[in-house]
Amino acid sequence: MANEITYTVAFEELQQIVRDMEDGEITVDELAIKVKRAAELIKVCKNKLTSTEEDVNLILKELEA
Amino acid sequence: MLENRQIFSLQQVVSSIRKTIEERYQSSYWVKAEMHKLNLYPSGHAFPELVQKENDKIVAQINASIWNHNFQRINKQFIQVVKEPLKEGTTLLLNVKVVFHETFGLSLQILDIDPNYALGELQREREETLKKLQAERLINANQLLDFPLLPKRIAIVSADTSKGLSDFMKVLNNNPWNYQFFTMLFQAYLQGDVAAPSIIEQLKRIEKVKHHFDVVVIVRGGGGEVGLSCYNNYELCKAIASFSLPVLTGIGHSTNMTVAELVAFRNAITPTELADFLLQTFHDFSVPVNDARKVIRTSSSRLLETNKQLFSAETKHFKNSANNYLLDAKNTLLVTSQKFKNEAKTLLTRNREHLHFAQKECLNYSNRLFKVNREKLAEHGVQLPLKFANRLVKEQQQVSEMENMVRLMDPKNVLKRGYSITTINGQTLQKNNSVEIGDTIKTVTFDFELTSTIIKKEEHGE
């Protein structure tokens, strides 16, 4: 669940940065920081698309409990 | 009495009953009854138990039979019209003939079953389920859940032999974008009477570990479009509608949508379409992420370009302003200096005139003063010798008078007349300048200067 929140948050933060940039809400001073942050967020999101973290054995154990 | 008895053989009796019944029930009848048990034998004949229930109590019961050829025909009709095979526990409209068999006894021979009546019964069950769920406000319950941004973790309710499952997995696993899903299969029967309790049980198991999953999918397909009325089962539909994760269905059929599909978060016609939907959600997530990269790149360069242009315009503006300012200042300076020059010249001229005038005034005045003084001087020059001569005579007279007096007073003249002056140590003898015997004194006369030693001293009495 924690991971889901992370990618949801990451996605929303990324969308916010994109909106701010499109609306011209970002100043030249912030630009470098925002672009760097966006790159990190894109990486997080991309990783989420192409990886899984659940463990079947753990779920089976919980089912038997 | 015993001799009077007429004894029948069993066969006689049974034959008589059969004859009576055959005479009495010559035609066939339409009967509404619940098929409690089908009892299909390998021979292809079925021997169903028919019952009538009132308040769950059996109030009538009779055995029936369907001969192989009738059964085949009826079942085919059912599957065609009802999309369900003949099944136990449903109320049917049967065309029957009352028969009595010498060895099998009384039974109803089923000649035909009206599939449309069965269809109506199923429809009624569907309506009832819908009505109940509506009353419990569960119809939209699952659809009101938040759908996860990325439905990555999927609990699959299906059977591992299902063609639908393999279609679903193929689409998920062979996606060219390398999207990764986590799937776990929860085995269940997917059609027929056993399906509803089986699926409900698996949903219960998923509920236990739901924190590991984002969505539940129920996929089925490839098994023909029969036995799907279980998806109208009230208990199953309630379990789906009230499930705490979004339940997606891909049951794969072309008939009317079942209640289960209706209450599911989302229904896809086929498992393949359902898998495509899941991939689409990944796209919906991925595309904005990819777009973000593009937007950020173009927005950044646009922002920089805009600022560069603004800066350049500002610089140009500043340069012009500065130049204009300098030019203005230069002009002002020039005008001021010209003005100053003129003012100074005027002032100088005026002062020079003042000076010139003052000089003239001064000269005139001094000349006048000169003249006056010269005249005064000339006047004085005339008077001075006269005054001076008078004064000189007067002065001369006074001087000669004083000269006489001085001459008379000169000690020399005194000495001439016989006086002398005695001194001691250069001092005249007086009271305070006493002499003692033995002192040397000097006496000056007109003709001599005498030095004496005191030999006697007598003081004058008064």
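Note on naming: letters A, B, ... go to the chains in the order of the sequence lines (proteins, then strands), and numbering restarts at 1 for each one.
When ring centroids are compared, B:F277 and B:F147 come within the 6.0 Å threshold. Between B:F181 and B:F282, the distance from one ring center to the other falls under 6.0 angstrom.
For B:L304, the part lying under 4.5 angstrom from a heavy atom of chain A is the side chain only. The contact between A:L14 and chain B is made entirely by side chain atoms (from C-beta outward), counting heavy-atom distances below 4.5 Å. Heavy-atom distances place both the backbone and the side chain of A:L63 under 4.5 Å from chain B. Looking at A:L41, neither its backbone nor its side chain comes within 4.5 Å of chain B, counting heavy atoms on both sides.
Between the side chains of B:E261 and B:T258, at least one donor N or O sits under 3.5 Å from an acceptor N or O. For B:D276 and B:Q280, the side-chain atoms include no donor-acceptor pair closer than 3.5 Å.
Annotation: maximal heavy-atom pairing with chain B below 4.5 Å, among A:V56, A:L49, A:V18, A:L58, occurs at A:L49. Ranked by heavy-atom pairs shorter than 4.5 Å toward chain A, the options B:I206, B:L303, B:N178 are led by B:L303. Counting heavy-atom pairs closer than 4.5 Å to chain B, the top-ranked of the candidates A:M21, A:K46, A:Q15 is A:M21.
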Applying salt bridge (charged side-chain N to carboxylate O under 4.0 Å, His left out), run through A:D20 and A:K34 and close with a yes or a no. CA-CA 10 Å; A:D20 286 349; A:K34 292 285 184 187; 5.1 Å; no
Take B:F213 and A:I59 through the side chain to side chain contact (heavy atoms under 4.5 Å, CB included) test and state the conclusion after the steps. CA-CA 10 Å; B:F213 296 101; A:I59 300 172; 3.9 Å; yes
